[in-house]
**Student:** 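One structure, pasted below without further comment.
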There are 2 protein chains.
Amino acid sequence: MTRGPKPALKARKTPVQSRSRVTVDAIFEATIQVLLREGMRALTTTRVAERAGVSVGTMYQYFPNKQALVYALNERYLDALAGRIEATCAEMRGAPLAEMAEALIDTYWTAKTERAEVTRALYRSVVELDNDALLQDFATRADAATTAMFASAPDMADRDAPTLNLTLAAVIYGTVRNAFERGLSDKDARRLRRNLADMCQAYLAVKAEHHTGAIAWSTS
Amino acid sequence: MTRGPKPALKARKTPVQSRSRVTVDAIFEATIQVLLREGMRALTTTRVAERAGVSVGTMYQYFPNKQALVYALNERYLDALAGRIEATCAEMRGAPLAEMAEALIDTYWTAKTERAEVTRALYRSVVELDNDALLQDFATRADAATTAMFASAPDMADRDAPTLNLTLAAVIYGTVRNAFERGLSDKDARRLRRNLADMCQAYLAVKAEHHTGAIAWSTS
DNA sequence: TCAAGATATGAAGGAACATTGAGCTTTTGG
DNA sequence: CCAAAAGCTCAATGTTCCTTCATATCTTGA
């Protein structure tokens with residue numbers, strides 16, 4: 001399913017000495033900093049190199065062009081994020097749906113929030129056309145994990161796993177992003193997060209009633 | 001509350017003859033087309049002018065610079081969107097919460113979907129740093145309208161209007177955007193939309209029980 | 001210790017763009 | 001019908017930025 005990067009976006013060379021590994025990390029970090037402080041429009045190769053404390057040429061030893069740098073940055077992040085989602089899904093296999101939803105919210109929210117500046121910086125970099133494929137791949141991978149998780153729930157009744165996944169995934173990911181973009185106060189953020197969880201619970205409970213005839217949410 | 005555009009982003013001249021009104025429209029339309037087909041990176045003044053069938057200079061008679069063009073485009077769109085939300089809120093004043101939520105979903109979803117390409121094009125243009133202010137203004141305006149609407153509901157009980165608004169707004173706007181970005185089939189889109197509505201209903205019903213002791217959702 | 005490979009430098013080339021302004025055409029109002 | 005205002009054109013300007021490459025320095029393994 002993974003499309004793999006277009007040739008023009010592949011890394012040019014892989015660091016082998018530890019010195020260069022440090023360099024590449026510095027370049028990534030510098031990219032985030034510039035993105036954060038100056039925005040996508042000011043993300044120039046020179047500025048990144050400068051902030052990373054290396055020369056422009058060095059950058060071009062590891063990335064064939066500027067786009068590839070942004071691509072790699074997003075790839076790194078999305079890969080880690082997908083990994084965390086998969087871990088959560090593995091851990092929650094067989095749990096009740098409500099707990100799964102709660103755990104998913106927790107994982108996603110934490111991932112976006114713990115280094116909020118990074119998240120913000122990356123949101124600014126996703127305009128690049130070719131990153132679309134990257135996002136699609138991430139979505140596919142995450143959906144596979146969550147759908148499988150949901151399918152393993154004891155209280156799935158006769159629900160359709162892909163549909164349930166579509167709903168919960170869209171609501172959770174969408175809401176978290178929206179919350180993020182609003183720049184909420186800590187208090188509001190906590191409140192919203194709780195309410196989002198409550199909302200998923202309520203939805204699952206009503207569906208349960210529908211499907212089993214039992215009132216499930218009162219067992220909290 | 002409206003910050004108003006920075007001086008560098010204000011329109012240079014307002015069309016007075018009908019000929020120029022056509023021109024400005026063509027420029028806006030061309031901007032959308034270019035954004036759609038080639039992405040933000042290829043949005044150059046020459047390309048826009050070319051597609052609009054005018055010369056570059058003409059563009060500069062109405063917009064002091066490229067950024068201002070993008071700014072104006074977003075402004076136009078967000079203003080219309082806010083207007084529609086306000087209209088819905090006015091119309092639903094005094095209705096039950098569940099109907100309000102349903103109506104809000106309907107308005108927002110329709111607005112985003114009816115000219116999906118435009119929405120998609122604009123999402124691609126929001127990287128510009130100064131558009132942040134525009135989005136904030138939109139959020140403020142929309143939140144004012146929806147909060148007032150919610151406050152007028154007969155079944156508000158002892159809920160806190162701003163908090164309820166925060167929750168529903170974030171969930172609805174966030175989910176619609178996420179749905180949009182997934183490029184769903186018509187069938188899946190309809191399904192998700194229905195489930196989102198159900199979810200809001202379920203949430204409101206449980207809260208109602210909490211607040212009034214009555215089971216409200218079974219009256220569907 | 002030393003040669004081969006890895007890594008780093010930064011000035012220079014060259015393409016792509018945003019923006020201007022002097023001059024031309026069309027519309028308007030009287 | 002005509003002068004003033006509005007609208008339009010496009011070649012030229014100057015800047016910004018990506019990318020390369022010849023050269024220099026550092027690291028590794030034998």
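Proteins get letters first, then strands, A, B, ... in listed order; numbering begins at 1 in each.
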**Student:** Can you spot which of Asp79(A), Ile85(A), Thr146(A), Leu81(A) makes a side chain to side chain contact (heavy atoms under 4.5 Å, CB included) with Arg141(A)?
**Tutor:**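 Answer to the side chain to side chain contact (heavy atoms under 4.5 Å, CB included) test with Arg141(A) among Asp79(A), Ile85(A), Thr146(A), Leu81(A): Asp79(A).
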**Student:** Are the side chains of Tyr203(B) and Gln201(A) in touch, meaning some heavy atoms are under 4.5 Å apart?
**Tutor:**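 No, every pair of side-chain atoms sits at 4.5 Å or beyond.
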**Student:** Over all strands shown, is Phe63(A) touching base, sugar-phosphate only, or nothing at heavy-atom distances under 4.0 angstrom?
**Tutor:**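 Counting heavy atoms under 4.0 Å across all strands, no contact is made by Phe63(A).
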**Student:** Between Tyr173(A) and Tyr108(A), does the ring centroid distance fall short of 6.0 Å?
**Tutor:**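 Centroid distance Tyr173(A)-Tyr108(A): below 6.0 Å, so yes.
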**Student:** Under a 4.5 Å cut-off applied to non-hydrogen side-chain atoms, are Met59(B) and Val54(B) in contact?
**Tutor:**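 No. Closest side-chain heavy atoms not under 4.5 Å.
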**Student:** Is there a side-chain contact between Arg51(A) and Thr31(A) in this structure, where contact means two heavy atoms from C-beta onward sitting under 4.5 Å apart?
**Tutor:**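 In short, these two side chains do not touch, never coming nearer than 4.5 Å.
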**Student:** In residues 21-45 of chain B, which ones come under 4.0 Å of DNA chain D, going by heavy atoms?
**Tutor:**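 Thr23(B), in order of number.
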**Student:** Of all the nucleotides listed (dT7(C), dT9(C), dT19(C)), which has the minimum atom distance to the side chain of Gln17(A)?
**Tutor:**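 Closest nucleotide to the Gln17(A) side chain: dT7(C).
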**Student:** Give a yes/no answer on whether the side chain of Thr58(A) brings an N or O atom under 4.0 Å of OP1 or OP2 in dT9(C).
**Tutor:**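 Looking at the OP1 and OP2 atoms of dT9(C), one of them is under 4.0 Å from a side-chain N or O of Thr58(A).
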**Student:** When you measure from the side-chain N and O atoms of Ser55(A) to the phosphate of dT9(C), is any distance below 4.0 Å, counting only OP1 and OP2?
**Tutor:**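 Ser55(A) to dT9(C) OP1/OP2: side-chain N or O found under 4.0 Å.
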**Student:** Looking at residues at least two apart in the chain, or sitting in another chain, which of them share a salt bridge (charged side-chain N to carboxylate O under 4.0 Å, His left out) with Arg93(A)?
**Tutor:**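 Once residues adjacent in sequence are excluded, Arg93(A) has no partner under the salt bridge (charged side-chain N to carboxylate O under 4.0 Å, His left out) criterion.
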**Student:** Kindly say if Ser20(A) contacts the phosphate of dT7(C), meaning a side-chain N or O under 4.0 Å from OP1 or OP2.
**Tutor:**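 Result: yes.
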**Student:** Would you indicate what Val16(A) reaches in the nucleic acid, counting non-hydrogen atoms under 4.0 angstrom: base, sugar-phosphate, or nothing?
**Tutor:**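 Sugar-phosphate contact only.
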**Student:** Sequence neighbours excluded, which residues qualify as salt bridge (charged side-chain N to carboxylate O under 4.0 Å, His left out) partners of Arg120(B)?
**Tutor:**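 So Arg120(B) forms no salt bridge (charged side-chain N to carboxylate O under 4.0 Å, His left out) with any residue.
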**Student:** Going 5' to 3' on DNA chain D, which nucleotide is the first and which the last to come under 4.0 Å of a heavy atom in chain A?
**Tutor:**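 The protein-touched segment is dC17(D) to dT27(D).
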**Student:** Nearest heavy atom decides the nucleotide; on that basis, is Arg19(B) or Pro15(A) closer to the 5' end of DNA chain C?
**Tutor:**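 That would be Pro15(A).
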**Student:** Take the C1' atoms of the five end pairs on each side of the helix from dT1(C)-dA30(D) to dG30(C)-dC1(D), get both axes, and report the angle to 10 degrees.
**Tutor:**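 Angle reported: 20°, given to the nearest ten degrees.
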**Student:** Over how many whole Å does the gap from Met59(B) atom CE to dC17(C) atom C1' extend?
**Tutor:**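 Interatomic distance, CE of Met59(B) to C1' of dC17(C): 12 Å.
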**Student:** Could you walk me through whether Phe28(A) and Tyr62(A) satisfy the ring-ring contact (aromatic ring centres under 6.0 Å, His included) test, starting with their C-alpha distance in whole Å, then the side-chain angles of each, then the deciding distance to 0.1 Å, before giving a yes or no?
**Tutor:** CA-CA 11 Å; Phe28(A) 277 137; Tyr62(A) 302 100; over 10 Å; no
**Student:** Side-chain N or O of Tyr60(A) less than 4.0 angstrom from OP1 or OP2 on dA8(C)?
**Tutor:**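 Answer is no, no contact under 4.0 Å.
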**Student:** By salt bridge (charged side-chain N to carboxylate O under 4.0 Å, His left out), which residues pair with Arg76(B), not counting sequence neighbours?
**Tutor:**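 In terms of salt bridge (charged side-chain N to carboxylate O under 4.0 Å, His left out), with neighbours along the sequence ignored, Arg76(B) is linked to Asp25(B).
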**Student:** Between Thr175(B) and Ile172(B), is there a donor-acceptor pair closer than 3.5 Å when you use the side chain of the first and the backbone of the second?
**Tutor:**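 No.
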**Student:** If I take atom NZ from residue Lys66(B) and atom OG1 from residue Thr44(B), how far apart are they, to the nearest 0.5 angstrom?
**Tutor:**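 Rounded to the nearest 0.5 Å, the NZ-OG1 separation comes to 7.0 Å.
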**Student:** Nearest to the side chain of Val56(A), which nucleotide is it out of dT9(C), dT28(C), dG10(C)?
**Tutor:**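 In terms of side-chain proximity for Val56(A), the closest of dT9(C), dT28(C), dG10(C) is dG10(C).
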